[in-house]
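Single-structure report; data block below.
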2 protein chains.
Amino acid sequence: MELENHTRESVAQLLRSHGINPTHQRIEIGFALFENPQHRSADEILAMVNARHTETSKATVYNTLKLFVDKGMVRELIVDPNKVFYDPNTSAHHHFYEVATGELTDIPAAGVHIEGLPQLPPGMVTEGIEIIVRTRPGR
Amino acid sequence: MELENHTRESVAQLLRSHGINPTHQRIEIGFALFENPQHRSADEILAMVNARHTETSKATVYNTLKLFVDKGMVRELIVDPNKVFYDPNTSAHHHFYEVATGELTDIPAAGVHIEGLPQLPPGMVTEGIEIIVRTRPGR
DNA sequence: ATTAGAATTTTGACTTTGTCTAACTCCTGC
DNA sequence: GCAGGAGTTAGACAAAGTCAAAATTCTAAT
């Protein structure tokens, strides 16, 4: 799954299917995320989008990433004290986080089970459950 | 457990027992964390320590919190994109995170089981496993 | 074609969190 | 008392992200 070869066209479709008006900048930002799906910081995206020649401002990158998150097109990963990472893979999964290098690796949710979590406080709804396994070069 | 009424004296003991030389500032910072144990940001600690009159600099608060983490006296929580929280409770446990308010609540690890996590890459060691249940006022 | 209005983007200043360096203070053992 | 190390300080700095106002682009109706 998710092995599609993304083109600007397919990204535009993806945007539309999430109720997002596909503007030039949004397509470029989406393309940067989905072309070669990785965990990216806002700064990386900004650099990727402007690699050839400047075409998108910092504010737009931040606005757009927030929009993508709101519309459920990408996921936010809060795992590093310095920067937020954006994860184009929105299917349920968890992460290894290599503390020394900052490297993130997916853990497919299939097969992982969590048992014994307490009830939520009344009136609260789960927005997401994230397991982070912090690792470091060993022993 | 952990219901001790902490005094400056008992905090000094705690520091010594973690191999930390108990200076005036370190005791005050430790006291701020353990007196009424909550999840605190560095800024909060700074404010608490200097509430009566200035006695500790920003740099010392950051240095000291890092030292406490290294020595295993408190735990770092990376859960909010803006700030790191410091958790005086180092026993294994997980967290609810109320996204709207930023409120953190403990989930005791007793009774929670995780199954099916894949092997670590060779040469890697687990530094910690954290489950974060993000919640919001619901439906 | 024209134009009003909405949506989007930009610029650049600003805020917040955290880091760094060099100087300074304090403590300890001699 | 003094040298040396440990700890602390001020303040400048850096990085990530936010914000408001102006500028641009898009849309749809005249």
Side-chain angles (χ1 to χ4, degrees), chain A residues 8 11-12 15-16 18-33 39-50 53-71 73-74 76-87 99 102 104, chain B residues 8 11-12 15-16 18-33 39-50 53-71 73-87 99-100 102 104:
Chain A
R8 265 132 188 118
V11 170
L15 290 166
R16 271 185 282 265
H18 283 85
I20 300 170
N21 185 12
T23 66
H24 178 52
Q25 286 85 340
R26 287 169 183 172
I27 291 171
E28 289 306 314
I29 292 168
F31 188 67
L33 277 161
H39 310 96
R40 309 274 191 195
S41 68
D43 253 33
E44 274 180 281
I45 298 286
L46 181 61
M48 290 174 77
V49 166
N50 291 331
H53 45 79
T54 303
E55 46 183 338
T56 305
S57 71
K58 183 167 69 150
T60 296
V61 168
Y62 279 95
N63 289 343
T64 301
L65 289 171
K66 188 175 296 172
L67 178 68
F68 286 4
V69 170
D70 287 351
K71 299 294 191 177
M73 213 183 85
V74 305
E76 224 176 10
L77 288 187
I78 299 163
V79 105
D80 179 298
N82 300 313
K83 40 184 113 225
V84 172
F85 286 102
Y86 294 89
D87 189 343
V99 175
L104 272 166
Chain B
R8 267 137 187 113
V11 170
L15 290 167
R16 271 184 282 263
H18 284 85
I20 300 170
N21 185 12
T23 65
H24 178 54
Q25 286 85 338
R26 287 169 182 174
I27 290 171
E28 288 306 314
I29 292 168
F31 189 67
L33 277 161
H39 310 96
R40 310 274 191 193
S41 67
D43 253 34
E44 274 180 282
I45 298 286
L46 181 61
M48 291 174 76
V49 165
N50 291 331
H53 46 78
T54 303
E55 46 183 336
T56 305
S57 72
K58 186 167 67 150
T60 297
V61 168
Y62 279 94
N63 289 343
T64 301
L65 288 172
K66 189 174 296 172
L67 178 69
F68 286 3
V69 170
D70 286 351
K71 298 294 190 178
M73 213 183 85
V74 304
R75 213 216 272 190
E76 225 176 7
L77 288 187
I78 298 163
V79 104
D80 178 299
N82 299 311
K83 39 183 113 224
V84 173
F85 286 102
Y86 294 89
D87 190 342
V99 174
L104 272 167

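In what follows, chains carry the letters A, B, and so on, assigned in the order in which the sequence lines appear, proteins first and then strands, with residues in each chain numbered from 1. Heavy atoms only: backbone and side chains are in, while hydrogens, waters and symmetry mates are out.
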Can you list everything that forms a side chain to side chain contact (heavy atoms under 4.5 Å, CB included) with [X]? Sequence neighbours excluded, please.
| X | result |
| --- | --- |
| A:Asp80 | A:Asn82, A:Lys83, A:Phe85, A:Tyr97 |
| A:His53 | A:Glu55 |
| B:Lys58 | B:Leu46, B:Tyr62 |
| A:Ile20 | A:Leu15, A:His18, A:Arg26, A:Leu67, A:Phe68, A:Lys71, A:Met73 |

Quick one: does NZ or CZ of A:Arg8 land under 6.0 Å from the six-membered ring centre of A:Phe31, within 45 degrees of the ring axis?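 Verdict for A:Phe31: a cation-pi partner in A:Arg8.
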Could you run down nucleotides 6-22 of chain D 5' to 3' and tag each one B, S or - for protein heavy-atom contact under 4.0 Å? -SSBB-B---SBBB---
Can you name the closest pair of heavy atoms from A:Val61 and A:Ala42 and give their distance?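 In terms of heavy atoms, the two residues are closest at CG1-O, 3.8 Å.
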5' to 3' on DNA chain C, which nucleotides open and close the contacts with chain B (atom under 4.0 Å from a heavy atom)?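 So the outermost contacting nucleotides come out as C:dT17 to C:dC20.
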Pair A:Glu76 + A:Lys66: basic N to acidic O under 4.0 Å: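 Looking at A:Lys66 together with A:Glu76, the answer is no, because their closest N to O distance does not fall below 4.0 Å.
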